[in-house]
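Read the structure below first, then the notes.
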Amino acid sequence: MTLRDAAAKRGLLIGTCISAAALTEPDYVEVAGREFNQAEPENEMKFGVIHPRRDTNPNPYDFSGADAIVEFALQHNMKARGHCFVWHSQVGDWVTSTSHTPDELSKVLDSHIQTVASRYAGKVYAWDVVNEAFEEDGSLRHTVWYDEPGIGLAENGTAYIEQSFRWARQYDPSTALYYNDYSCDTINPKSDAVYEMVKDFKTRNVPIDGVGFQMHLHLDSNNPATLESIKQNLQRFADLDIDVQITEMDVALESPDEDSLAQQAEIYRAIFEICLGIPRVTAIQTWGFTDKHSWIPGFTKGQKGWALLLDEHYAVKPAYTRILETLQAS
Ligand code: 9MR
């Protein structure tokens with residue numbers, strides 16, 4: 001029994017991000033295709049990677065990595081998920097370090113969403129339209145798309161997010177449209193702000209289909225209060241009549257000792273159990289699957305890591321086994 005078989009029996013998608021560079025490794029391809037039924041490019045669809053040159057360049061886009069991952073997913077009968085159209089990070093110097101008027105920037109973003117959404121229409125079943133637009137205190141993050149200089153809608157709060165969703169719906173009417181963010185897994189000022197936005201969008205028929213909760217966790221998440229808050233938070237979003245997905249889960253450790261690995265497995269189990277109890281949770285995705293390829297060691301300068309389900313030699317860890325048991329028992 002594999003994770004994807006057990007998840008499929010529950011009608012659940014179980015996903016991982018995929019790095020195009022790692023697709024040259026036979027073990028990587030074999031395990032990803034065997035264990036997961038959803039794949040999402042880790043970096044290859046981000047603005048700066050897929051659209052590295054200005055539109056006046058004869059060749060503004062580079063679809064090579066994104067195409068390879070979508071192809072990999074479809075060949076392995078996996079759903080392909082898109083990430084992401086609008087984000088403050090990895091945008092590309094030609095956007096951030098040259099001066100555009102809001103009107104020019106609006107045309108840049110409109111045309112970007114049109115080009116990328118159209119190319120993958122019918123192949124990518126869900127898109128993170130906007131990623132990480134809020135600060136931890138619930139205010140809107142200052143970004144090139146919002147107000148630096150923005151696409152011309154900054155005085156209206158979340159209007160630039162709304163416009164991005166409208167473009168995405170226009171250019172691919174059949175894909176599901178998600179807002180995606182981190183540190184809004186529990187009930188807190190940031191998740192409150194996202195909640196208010198989604199509620200407003202639903203009331204006014206702005207096309208939004210779901211919210212992605214990244215779920216980058218640590219061992220300190222292993223306490224009843226935090227887990228209860230995550231449960232209530234996911235449920236309140238589901239109650240807005242949208243789908244909920246876990247999009248980037250990992251549980252960072254400071255060392256891969258036996259006790260830490262057991263606690264890590266317990267956190268994964270608890271999150272899966274919470275999700276299995278909420279029918280609107282349609283997918284659980286981890287941000288990679290082998291500790292060999294994870295953003296955490298680089299980001300924490302080696303202080304943390306070991307966050308995923310398989311170790312760096314592709315051997316399963318206790319977290320893998322606990323998830324499989326949890327899916328089978330559900
Ligand atoms: O895992 C990604 C890493 O390879 C990139 O260097 C990084 C650049 O900012 O982005 C990482 O992925 C991020 C994701 O796109 C959005 N949520 C946070 C993820 C981890 O930083």
Side-chain angles (χ1 to χ4, degrees), residues 15-25 28 32 36 38-52 62 64-66 68-70 73 80-93 95-97 112 116 120 124 126-136 141-146 161 164 177-186 190-191 194 210-218 221 244-253 271 283-310 312:
T16 177
C17 73
I18 293 287
S19 145
L23 287 176
T24 53
E25 276 180 48
Y28 186 90
F36 299 92
Q38 172 177 293
E40 170 172 317
E42 181 168 10
N43 290 299
E44 292 77 355
M45 285 177 168
K46 292 172 181 171
F47 197 115
V49 181
I50 205 166
H51 194 171
D62 176 0
S64 57
I69 294 168
V70 170
R81 202 174 179 288
H83 174 79
C84 49
F85 295 132
V86 182
W87 191 28
H88 62 277
S89 179
Q90 288 178 286
V91 180
D93 287 351
V95 179
T96 48
S97 64
H112 174 83
V116 180
Y120 297 107
V124 166
W127 268 101
D128 290 332
V129 178
V130 178
N131 189 40
E132 304 176 1
F134 287 91
E135 298 283 3
E136 314 252 326
R141 185 195 292 270
H142 300 290
T143 75
V144 67
W145 305 118
Y146 172 44
I161 301 177
S164 305
L177 307 179
Y178 279 75
Y179 177 77
N180 192 58
D181 214 328
Y182 65 91
S183 295
C184 51
D185 313 309
T186 58
K190 184 169 178 174
S191 64
V194 176
V211 173
F213 296 87
Q214 294 186 9
M215 207 64 79
H216 294 292
L217 301 180
H218 304 95
S221 314
V244 168
Q245 299 193 332
I246 308 305
T247 50
E248 306 184 11
M249 186 168 179
D250 43 27
V251 181
L253 302 183
I271 297 297
I284 305 176
Q285 177 166 269
T286 52
W287 206 235
F289 58 94
T290 162
D291 291 338
K292 186 174 179 185
H293 299 290
S294 163
W295 67 289
I296 293 175
F299 186 75
T300 61
K301 302 197 169 50
Q303 297 301 295
K304 289 182 179 160
W306 308 281
L308 296 166
L309 307 183
L310 280 76
E312 61 275 26

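For the single chain, residues carry numbers from 1 onward in sequence order. As the structure lists them, so they are numbered: ligands from 1, and atoms in each ligand from 1.
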Practice problem: From atom 12 (O) of ligand 1, work out which of Tyr182, Trp295, Trp287, Trp87 has a heavy atom at the shortest distance. | Solution: Trp287
Self-check item: Contacting atoms of ligand 1, where contact means under 4.0 angstrom from a heavy atom of Lys46
Solution: 2 (C), 10 (O), 11 (C), 12 (O), 13 (C), 14 (C), 15 (O)
Practice problem: Using atom types as modelled and distance alone, determine if a side-chain donor or acceptor of Thr96 lies under 3.5 Å from a backbone N or O of Gly92. | Solution: yes
Exercise. Enumerate the atoms of ligand 1 whose separation from the nearest heavy atom of Asn131 is less than 4.0 angstrom.
Key: 16 (C)
Practice problem: Going by heavy-atom distance to atom 19 (C) of ligand 1, choose the closest among Glu248, Gln90, Glu42. | Solution: Glu248
Quiz item: Which ligand 1 atoms, with their elements, are less than 4.0 angstrom from a heavy-atom of Ser89?
Solution: 9 (O)
Self-check item: Contact partition for Phe299 relative to ligand 1, non-hydrogen atoms under 4.0 Å
Solution: neither
Quiz item: Is a side-chain donor or acceptor of Glu44 paired with a backbone partner of Ala20 at a separation under 3.5 angstrom?
Solution: yes
Quiz item: Are Phe47 and Trp145 close enough that their ring centres sit under 6.0 Å apart?
Solution: yes
Quiz item: Do side-chain atoms of Lys190 reach the backbone of Thr186 as a donor and acceptor pair under 3.5 angstrom?
Solution: no
Practice problem: If the plane angle is over 60° it's perpendicular, under 30° parallel, otherwise tilted; pick one for Tyr146 and His142. | Solution: parallel
Quiz prompt | Protein heavy-atom partner closest to atom 5 (C) of ligand 1 - residue, atom, separation in Å | solution = Asn43 OD1, 3.3 Å
Exercise. Describe, in one word, how the ring planes of His112 and Phe85 are oriented to each other, choosing from parallel (under 30°), tilted (30 to 60°) and perpendicular (over 60°).
Key: perpendicular
